[in-house]
Structure formats: C-alpha cells, structure tokens
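One structure is given below, encoded as structure tokens.
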Amino acid sequence: MTKAFTFKVLATDGKARRGSITMPRGEIRTPAFMPVGTGGTVKAMYMDQVRGVGSDIILGNTYHLMLRPGAERVARLGGLHEFARWPHPILTDSGGFQVMSLSKLRKLTEKGVTFRSHIDGAAYEMSPERSIEIQGLLDSDIQMQLDECTALPAKENEIERAMELSLRWAERCKTAFGDQQGKAMFGIVQGGDIAALRLRSAQALKAMDLKGYAIGGLAVGEPQAVMLEMLDITCPELPADRPRYLMGVGTPDDILKSVARGIDMFDCVMPTRAGRHGLAYTRRGKVNLRNARHADDPRPLDDESDCPAARDYSRAYLHHLVRSQEALGAMLLTWNNLSYYQRLMQEIRAAIEAGAFEARAAEISEGWARGVI
Ligand code: GUN
C-alpha cells in the first residue's frame with residue numbers, strides 16, 4: 001500500500017464515478033458507504049462483521065470521543081484503530097455539527113466554539129486548531145475541517161455568515177493539519193439552500209487545494225429536491241480528481257440520486273439506528289419487525305442475501321427478539337442493514353464499471369416499489 005493519500009477515478013458513467021482512495025491503512029472503493037462508529041463502536045456490531053459486510057472505512061466523532069474517553073487517553077492507548085480494533089481507515093467528523101446538535105450552552109465565535117458536555121455539563125473549548133489536534137490524537141486517516149452547519153430553513157444572511165466563517169476555519173484547519181502525507185484533511189462546502197452561496201463556498205475551498213471535499217449542511221430539514229439541486233450546482237465546481245463526500249446522507253434512494261450527480265462517499269446513522277429500532281432494509285423496501293403480522297412468519301428477510309442475519313433467521317424470531325427488546329434483535333437487524341447498504345454500494349460500483357448505472361438504479365428503485373413480499 002502506498003505511503004501517500006491518493007484518489008483515482010477508475011470509470012465514469014454519466015456523472016457517476018467509480019474510484020479508489022488509497023492510503024497506508026488500506027483502499028476505499030468508491031462510491032463508498034461509511035458506517036457510523038460515533039464513540040469508537042459501530043453500535044451492536046463486532047468490527048469483524050463491519051468488515052465482513054464490505055466496509056472499507058468507518059466514521060468516528062471528535063465530539064463524543066473528546067468527552068469520553070478523551071482524545072489524549074485514546075492516544076496513550078495507541079490511537080483509535082488500536083483502541084477499537086479496527087485497523088482499516090477511519091474518517092472523523094470535526095465536532096462542530098455534533099456540538100450544535102447535542103451540547104448545552106454552546107457559544108460560537110471567530111475563535112471557535114465553547115460548550116458544555118451533554119454527559120456531565122463540563123465546559124470545553126474547541127477551536128479549528130484543537131479539532132485538528134484531537135483528530136490527530138485519535139490518529140484519524142481522513143480529518144474534517146471545523147465548520148458551522150446551518151439548520152434549514154434559515155435566513156440568507158445567517159447561512160452566509162456561517163458559510164464565510166466555515167471558509168476561514170477551513171484555512172486554519174489546513175494550516176494546523178500541515179503536509180501529512182498518508183492522511184487527508186477535507187474542507188466542507190456550506191451555503192444552505194442558496195445556489196450563489198454554495199458556488200462561493202465550493203470555489204473558495206477549491207482554491208485551497210485540499211485533498212478532498214465534503215458537502216455539508218444538507219439533509220437538515222429541506223426536501224430531497226432541494227438537496228439534489230444543491231448537488232447539481234456544487235459538484236461541477238469541485239475538482240474532478242478529488243473525492244466528494246456528502247455528509248450525513250442518507251436513504252438508499254438519496255444515495256442512488258447523489259451518486260448520479262457525482263458523489264463518492266456517504267455516511268449515515270440510518271442503517272444502524274433503524275436496526276436498533278426494529279426496522280430492516282431489504283431489496284423490497286423497509287420491514288418493520290415490530291409489526292404483529294410477522295409473529296407467525298417462518299420466512300427469512302431475504303433468502304438470496306449472503307448475510308446470515310437476512311438468510312438464516314425467521315421473521316417470526318426477529319419479531320420476537322424485537323418485541324422482547326433482546327440485544328440480539330438489534331445485533332441481527334443492524335447486521336442485516338449494513339449488509340444491505342454495502343451490497344447496494346457494491347452493485348452501484350459494478351453498474352458504473354459496466355456503464356449501466358442508470359438502468360441498474362431504476363431496477364433497484366422498482367424493487368422497493370414492488371414492496372415487501
Ligand atoms: N454531518 C452532517 N452534516 C454535516 C455538516 O454540515 N458538517 C459536519 N461537520 N458534519 C456533518
């Protein structure tokens with residue numbers, strides 16, 4: 001494996017891209033889905049299973065890990081890969097987004113954010129430089145700039161202020177990150193639902209010549225059509241030879257439509273969180289296993305799946321586990337859901353290589369429309 005961080009587009013089909021990121025800890029096949037491992041664990045999954053379903057990279061959160069167990073402690077214990085027993089690439093979010101949604105008494109200034117922990121109320125300060133320092137202590141392979149994400153709907157001047165602040169923080173994060181070779185620091189495009197602000201943000205970040213570009217501030221309350229319009233505007237402004245990461249997205253349908261617009265990387269809590277709430281993703285749409293109609297159903301979720309959770313357990317048993325709030329219910333459904341998402345990504349990559357992305361995406365959507373059998 002190379003010592004440097006590199007990205008290659010291997011094939012294109014329309015605007016959809018099949019690519020490969022290589023770095024010392026491994027290769028990321030794109031389009032990629034990154035399971036969310038907020039606090040050093042992909043909830044209800046062994047790392048062997050996370051890997052086994054086809055994950056090349058997982059996501060960790062600066063905010064959660066700095067509060068508990070603490071970034072300096074993780075560093076003393078050998079870094080996040082060693083601590084969590086995941087030797088493959090890790091991307092960490094910078095903390096700003098989580099501070100805004102989870103912490104108490106937060107205050108944002110040019111310097112950074114101050115906030116109180118949602119766990120014990122302790123006071124913290126996080127500047128762009130401290131966010132990069134923490135991500136370094138965790139030994140994260142892909143680090144995100146500190147940014148301010150505006151929830152929608154919002155006033156234009158408020159979206160613009162947050163976007164301009166995020167650009168200044170991107171510069172500071174770039175300086176703090178320096179020229180580390182096998183790792184990357186990504187900038188984050190902001191600008192809400194305003195085309196001109198998205199353009200300004202993308203162009204200013206492009207001029208910073210970063211190793212990758214995320215698109216943030218989407219799937220934050222706006223309709224899907226608005227999100228897709230922002231992708232239509234933003235993607236062409238970003239350099240074709242750098243990976244593009246759509247943060248916090250999304251449903252399988254969001255993923256298909258975003259890949260069609262040139263997105264390479266995704267993360268979302270949906271498959272893992274839904275699994276803990278009794279919801280299974282399948283080729284024929286979502287199945288709510290809490291529903292009484294599954295109580296006597298001996299059929300598995302999907303007998304064509306190569307995931308044991310989908311193939312080897314009856315819907316009646318999964319229903320029983322979910323209704324009894326058994327840990328195994330959350331474990332099996334999370335396994336099924338991540339397996340479904342990674343299978344979807346594999347099919348997307350194969351379809352782009354074959355020049356058949358549009359047709360395959362339509363078939364996949366038709367499968368959901370036919371409904372659960
Ligand atoms: N996760 C989902 N959206 C965002 C965003 O806009 N910024 C950051 N840092 N993380 C996110």
Side-chain angles (χ1 to χ4, degrees), residues 32-39 57-66 90-103 106 108 112-113 115 126-132 134-135 138 140 142-154 158-170 172-174 176-177 184-194 197-198 200-202 204-205 210 212-222 224 226-228 230-231 234 238 243-251 254-255 258 263-273:
F33 180 79
M34 305 184 279
V36 176
T38 293
I57 176 169
I58 62 172
L59 181 141
N61 279 120
T62 297
Y63 173 78
H64 295 80
L65 292 164
M66 73 186 279
I90 295 178
L91 178 149
T92 44
D93 199 357
S94 53
F97 184 78
Q98 286 75 27
V99 166
M100 293 323 247
S101 56
L102 294 171
S103 73
R106 56 193 178 261
L108 199 134
V113 319
F115 60 94
M126 189 161 54
S127 60
E129 291 77 14
R130 176 64 180 155
S131 174
I132 294 298
I134 292 172
Q135 295 182 71
L138 298 173
S140 165
I142 302 182
Q143 307 180 12
M144 304 304 299
Q145 72 152 102
L146 191 67
D147 62 331
E148 184 188 356
C149 166
T150 312
L152 297 175
E158 181 54 18
I159 297 171
E160 182 171 15
R161 184 201 54 73
M163 181 274 285
E164 292 289 352
L165 178 68
S166 298
L167 288 179
R168 295 191 295 277
W169 284 0
R172 286 168 59 185
C173 286
K174 184 185 170 181
F177 183 81
M185 198 283 291
F186 283 17
I188 306 177
V189 175
Q190 292 291 348
D193 52 1
I194 314 279
L197 298 182
R198 288 276 167 191
R200 151 105 184 108
S201 178
L205 287 170
L210 303 170
Y213 295 89
I215 302 177
L218 292 175
V220 289
E222 80 287 2
Q224 189 201 48
V226 172
M227 175 178 92
L228 298 178
M230 293 302 117
L231 297 184
T234 307
L238 296 172
R244 303 172 187 152
Y245 161 31
L246 179 55
M247 305 189 82
V249 173
T251 64
D254 290 334
I255 290 177
S258 303
I263 298 292
D264 307 302
M265 301 163 73
F266 300 89
D267 80 281
C268 191
V269 294
M270 221 166 264
T272 39
R273 183 172 291 164

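Residues take their numbers from the sequence shown, with the count starting at 1. Numbering of ligands and ligand atoms starts at 1, following listing order.
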Show the numbers, then the answer: is there a salt bridge (charged side-chain N to carboxylate O under 4.0 Å, His left out) between R200 and E160? CA-CA 10 Å; R200 151 105 184 108; E160 182 171 15; over 6 Å; no
Tell me, please: is G217 in heavy-atom contact with ligand 1, that is, under 4.0 Å?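 The answer is yes: ligand 1 sits under 4.0 Å from a heavy atom of G217.
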Hey, is Q190 one of the residues with a heavy atom under 4.0 angstrom from ligand 1?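 For ligand 1, residue contact (heavy atoms, under 4.0 Å) with Q190 is present.
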Which atom pair, heavy atoms only, marks the closest approach of [X] to [Y]?
{"X": "C149", "Y": "V220", "answer": "SG-CG1, 4.0 Å"}
{"X": "S94", "Y": "D147", "answer": "OG-OD1, 3.7 Å"}
{"X": "D93", "Y": "Q98", "answer": "OD2-NE2, 3.4 Å"}

With heavy atoms of [X] as the reference, note each atom of ligand 1 found under 4.0 Å away.
{"X": "D93", "result": "1 (N), 8 (C), 9 (N), 10 (N), 11 (C)"}
{"X": "C149", "result": "5 (C), 6 (O)"}
{"X": "I188", "result": "9 (N)"}
{"X": "G216", "result": "5 (C), 6 (O)"}
{"X": "S94", "result": "9 (N)"}

Can a side-chain donor-acceptor contact be found between Q190 and S166 if the only test is distance below 3.5 angstrom? no
As a test of understanding, state which of T38, L91, I90 forms a side chain to side chain contact (heavy atoms under 4.5 Å, CB included) with I58.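 Result for side chain to side chain contact (heavy atoms under 4.5 Å, CB included) with I58: I90.
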Given L218, D147, V269, which has its nearest heavy atom closest to atom 5 (C) of ligand 1?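 Shortest heavy-atom distance from atom 5 (C) of ligand 1: D147.
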Min side-chain heavy-atom separation L152-V226 under 4.5 Å: no
Name the closest protein heavy atom to atom 3 (N) of ligand 1, giving the residue it belongs to and the distance to 0.1 Å.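 Heavy-atom neighbour on the protein nearest atom 3 (N) of ligand 1: F97 CE1, 3.6 Å.
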